[in-house]
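Heads up: the structure comes next, in structure tokens.
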Amino acid sequence: MIRPTNLTNTLMLMLLLGTSATLAGALGMLLMSSVVVVVYGTCIGPLRSRLSGNNLMLASLLLAATLTSCANILAQRWALQWQQSIGIYAGLIALQCVVLEYNGFFRQAFAQRLKFFGLSSGLLLALAVLRELFGQGHIGRGLSEHWQGLVLFSDGLHLLTLAPGAFILLGLLLAARQAWTRSNALPKETHHP
Amino acid sequence: MSRAAAFVALVLLAGAGLGLTYVGQRASAPQIASEQRLLDSRRLLDLIAPDAYDNQPLEQPLALTDTTLSHSTLLAGYRASKSGQPVAVLLRTQTEGYAGAIELLIAIDANGRLLGVKTLRHNETPALGGLIGDWPNQWLATFTGKSRNAPDDAGWALKKDQGQFDQLAGATVTSRATVNAIHDALRYFDEHRATLLGSGS
């Protein structure tokens with residue numbers, strides 16, 4: 001059952017905007033959230049056939065919270081420096097799982113899920129690259145301990161490193177996409193007999 | 001599923017989740033602690049060249065006495081040594097800045113000369129006093145090489161206080177607090193040289 005998704009999808013915006021400050025943070029968060037979502041998807045199957053409604057939401061919340069906590073502990077163990085800079089957003093992965101469950105994401109066909117995953121990770125990475133490049137002037141700092149990143153500018157627009165700048169950039173990207181799809185659709189509309 | 005069965009299932013799920021998280025936390029705690037120690041040592045010990053010492057200074061904090069100094073308080077002390085001979089002493093002090101406490105890490109070599117100063121925590125105004133938080137730091141680097149005797153006690157002040165040190169532009173209180181804290185640390189090192197350097201020279 002597909003429910004109206006606009007308002008609930010805005011809950012996923014926090015994770016997108018918070019972790020896209022740097023490329024290293026975004027890549028790590030992408031890895032962590034995809035692992036958690038995949039494991040969650042496999043585990044919720046048997047529960048979905050036995051529970052329904054509010055009980056299913058509660059079960060999905062418990063499962064998502066458990067998986068996110070375990071993923072957080074593993075991230076602390078293997079990548080402590082990354083976890084200390086981005087780890088406060090790790091808890092939002094559980095929220096993302098529950099929102100996706102509410103929207104019926106896990107019951108869609110595999111191709112659709114893959115398309116959604118591709119689009120959302122593309123958006124996250126695009127935001128991260130733009131924000132780090134124009135906000136700080138370098139790309140890739142934090143990916144390795146010895147590499148300072150590809151430094152292209154000495155300074156950047158500080159606004160982009162903050163959340164309001166991220167909102168503005170997201171709005172600009174959406175407007176650009178609108179303009180692109182509209183310019184592609186235009187030729188089809190003018191040929192009217 | 002009946003309500004009772006669903007309730008039991010949820011309780012079991014909650015219990016399993018809590019148990020799994022607890023077990024995971026307990027199993028990973030030692031590795032996380034050692035990673036944290038590694039990160040800390042990299043952050044705190046980059047004042048001294050890595051090949052100048054071969055012990056683990058942060059593992060054996062020194063026992064300090066009389067830690068309340070005239071303008072600051074000593075929080076901790078560490079000794080870096082090479083082949084048993086003390087190479088440097090790291091003192092962690094806290095002083096009152098313009099908008100809260102400033103925590104500094106001061107590295108003094110065995111002869112009482114400053115190796116470097118680093119700011120660990122501060123709450124100062126971002127573009128004014130907050131410049132002490134940058135690393136590597138141009139202003140803090142001007143203290144390297146100074147000691148208790150060079151400049152003398154009267155020289156350990158800002159230029160506007162008839163001393164020798166420039167201040168950060170627009171941050172008199174911050175600069176004064178930092179200069180006083182460093183001078184305090186050097187005086188403390190002088191007075192407790194034997195304890196701080198240990199059994200070495």
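Order of the sequence lines fixes the chain letters, A, B, ..., with proteins taken first and strands second; residue numbering starts at 1 for each chain.
- Within a 6.0 Å radius of CD in B:Glu59, other residues, nucleotides and ligands contribute more than 12 heavy atoms.
- A salt bridge is defined here as a Lys NZ or Arg NE, NH1 or NH2 lying under 4.0 Å from an Asp or Glu carboxylate O, and B:Glu35 with A:Arg77 fails to meet this definition.
- Within residues 10-17 of chain B, the residues approaching chain A closer than 4.5 Å by heavy atoms are, in numerical order, B:Leu10, B:Leu13, B:Ala14, B:Gly17.
- Close approach to chain A, defined as a heavy atom under 4.5 Å from one of its heavy atoms, is seen in B:Gly24, B:Gln25, B:Ala27, B:Ser28, B:Gln31, B:Ile32 of residues 24-33 of chain B, taken by number.
- To the nearest 0.5 Å, atoms CG (A:Leu47) and OH (A:Tyr40) are separated by 8.5 Å.
- Under a cut-off of 6.0 angstrom, the local environment of CZ in B:Arg187 is crowded, with over 12 non-hydrogen atoms contributed by other residues, nucleotides or ligands.
- With hydrogens and angles disregarded, no donor-acceptor distance shorter than 3.5 Å links the side chain of B:Thr93 to the backbone of B:Ala181.
- Contacts of A:Leu67 with chain B are absent, with no heavy-atom separation under 4.5 Å from either backbone or side chain.
- Of the charged side-chain nitrogens involved, none lies within less than 4.0 Å of a carboxylate oxygen, so that B:Asp54 and B:Lys82 do not count as a salt-bridged pair.
- Under the 30°/60° scheme for interplanar angles, the aromatic rings of B:His192 and B:Tyr188 are found to lie parallel.
- Looking at A:Gln84, only its side chain comes within 4.5 Å of chain B, counting heavy atoms on both sides.
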How far apart are the C-alpha atoms of A:Glu101 and A:Ser60, what are their side-chain angles, what is the distance that settles it, and do they pass the side chain to side chain donor-acceptor pair (under 3.5 Å) test?
CA-CA 8 Å; A:Glu101 171 71 39; A:Ser60 80; 5.5 Å; no
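- B:Asn137 places a side-chain N or O within donor-acceptor distance of the main-chain N or O of B:Leu131, the cut-off being under 3.5 Å.
- The existence of a salt bridge linking B:Arg43 and B:Asp46 is excluded, since no basic side-chain nitrogen approaches an acidic carboxylate oxygen closer than 4.0 Å.
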